[in-house]
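Here the structure is a predicted model, which is why all the values come from computation and not from measurement. Here is the naming used below: chain letters follow the sequence lines, and residue numbers restart at 1 for every chain.
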Amino acid sequence: DGGITQSPKYLFRKEGQNVTLSCEQNLNHDAMYWYRQDPGQGLRLIYYSQIVNDFQKGDIAEGYSVSREKKESFPLTVTSAQKNPTAFYLCASSIGRHIGGYTEAFFGQGTRLTVV
Amino acid sequence: ELKVEQNPLFLSMQEGKNYTIYCNYSTTSDRLYWYRQDPGKSLESLFVLLSNGAVKQEGRLMASLDTKARLSTLHITAAVHDLSATYFCAVNNYGQNFVFGPGTRLSVLP
């Protein structure tokens, strides 16, 4: 089955810890994205990547880091510098900037991160 | 900076009634997307609107796009309880990423 897999589904972080959220896709998409959603709110863009080994900051990148070493994978690290990381994190992918492209973004099932 | 607005943000309606959700965006784009999110779940793609005048329908939902007015509508016909969810519109930001509206939380009451 083609799709986007995020893991873990639930994650608990202690104060001062770094944690990494996994996102893997087998849709052969070039573009991948990380969004954060707070309760009752919309989606805010953290980082995005249009191609392997390249990524750009979104609107709320501070306290987060990413890598894109493989087309299929776009892990997100929530660092200790992120003071309020409790949220629902959504990874998405799309075909990307191809002529006639710009299909919709497809989403993984999300990771719910809680600081304890 | 691309901004996407939706109204209303909250909508409570009775079963069997019709209503429209509006999505306005601030810059030129001919690609507009509608998503549904159930509580605690991820986003599910509903419609992809790729040109001015595009209209898509699925069951009791119909979406349209007017790129000149920078406006998309999501029309709900004869609402049923199963349509209760949060609906997001999104615009492709010059091929770079997707900017989402704040969402419209719909409750359909019996």
*Which atoms of Y35(B) come close to chain A, meaning under 4.5 Å heavy atom to heavy atom: side chain ones, backbone ones, both, or neither?*
side chain
*Please determine, among G110(A), S94(A), A105(A), A92(A), the option with the most heavy-atom pairs under 4.5 Å with chain B.*
A105(A)
*Identify whether V4(B) and Y87(B) are in the same connected component of the hydrophobic contact network (ILVMFWY, side-chain heavy atoms under 4.5 Å).*
yes
*Transitive ILVMFWY side-chain link L11(B) to W34(B), under 4.5 Å*: yes
_Greater than 12 external heavy atoms within 6.0 Å of R36(B)'s CZ_ = yes
*L27(A) CG: over 12 foreign heavy atoms closer than 6.0 Å*: yes
*asked:* If hydrophobic clusters are built by linking Ile, Leu, Val, Met, Phe, Trp and Tyr wherever their side-chain heavy atoms come under 4.5 Å apart, do F98(B) and F74(A) end up in the same one?
replied: no
*Please answer: with hydrophobic residues joined when any side-chain heavy atoms are less than 4.5 Å apart, are L113(A) and I4(A) in the same cluster?*
no
*Give the cluster check for V80(B) versus I21(B): same hydrophobic cluster or not, with ILVMFWY residues linked at side-chain heavy-atom distances below 4.5 Å.*
yes
*asked:* Can you tell me which portion of Q6(B) sits under 4.5 Å from chain A's heavy atoms? Options are side chain, backbone, both or neither.
replied: neither
*Name all pairs fulfilling the side-chain hydrogen bond (donor to acceptor under 3.5 Å, both in side chains) condition that reach into residues 7-24 of chain B, sequence neighbours left out, sorted by first residue then second.*
T20(B)-H75(B)
_Distance in Å, N97(B) CG paired with M32(A) CE, rounded so as to fall on 0.5 Å steps_ = 14.5 Å
_Tell me if the aromatic rings of Y35(A) and F100(B) count as close, with their centers under 6.0 Å from one another._
yes
*Taking non-hydrogen atoms and a cut-off under 4.5 angstrom, which of residues 55-63 of chain B neighbour chain A?*
none
*Consider only side-chain N and O atoms of S45(B) and E104(A), and report whether a donor and an acceptor are under 3.5 Å apart.*
yes
*asked:* Rounded at 0.5 Å granularity, tell me how far CD in Q37(B) sits from CZ in F88(A).
replied: 6.5 Å
_Interchain contact, Q6(A) with chain B, by part (heavy-atom threshold 4.5 Å)_ = neither
*Count the heavy atoms belonging to other residues, nucleotides or ligands that lie under 6.0 Å from CD of Q17(A), then report whether that count exceeds 12.*
yes
*Listed partners of W34(A) passing side-chain hydrogen bond (donor to acceptor under 3.5 Å, both in side chains), at least two apart*: none
*asked:* Within residues 38-45 of chain A, which residues come under 4.5 Å of chain B, heavy atom to heavy atom?
replied: G40(A), Q41(A), G42(A), L43(A), L45(A)
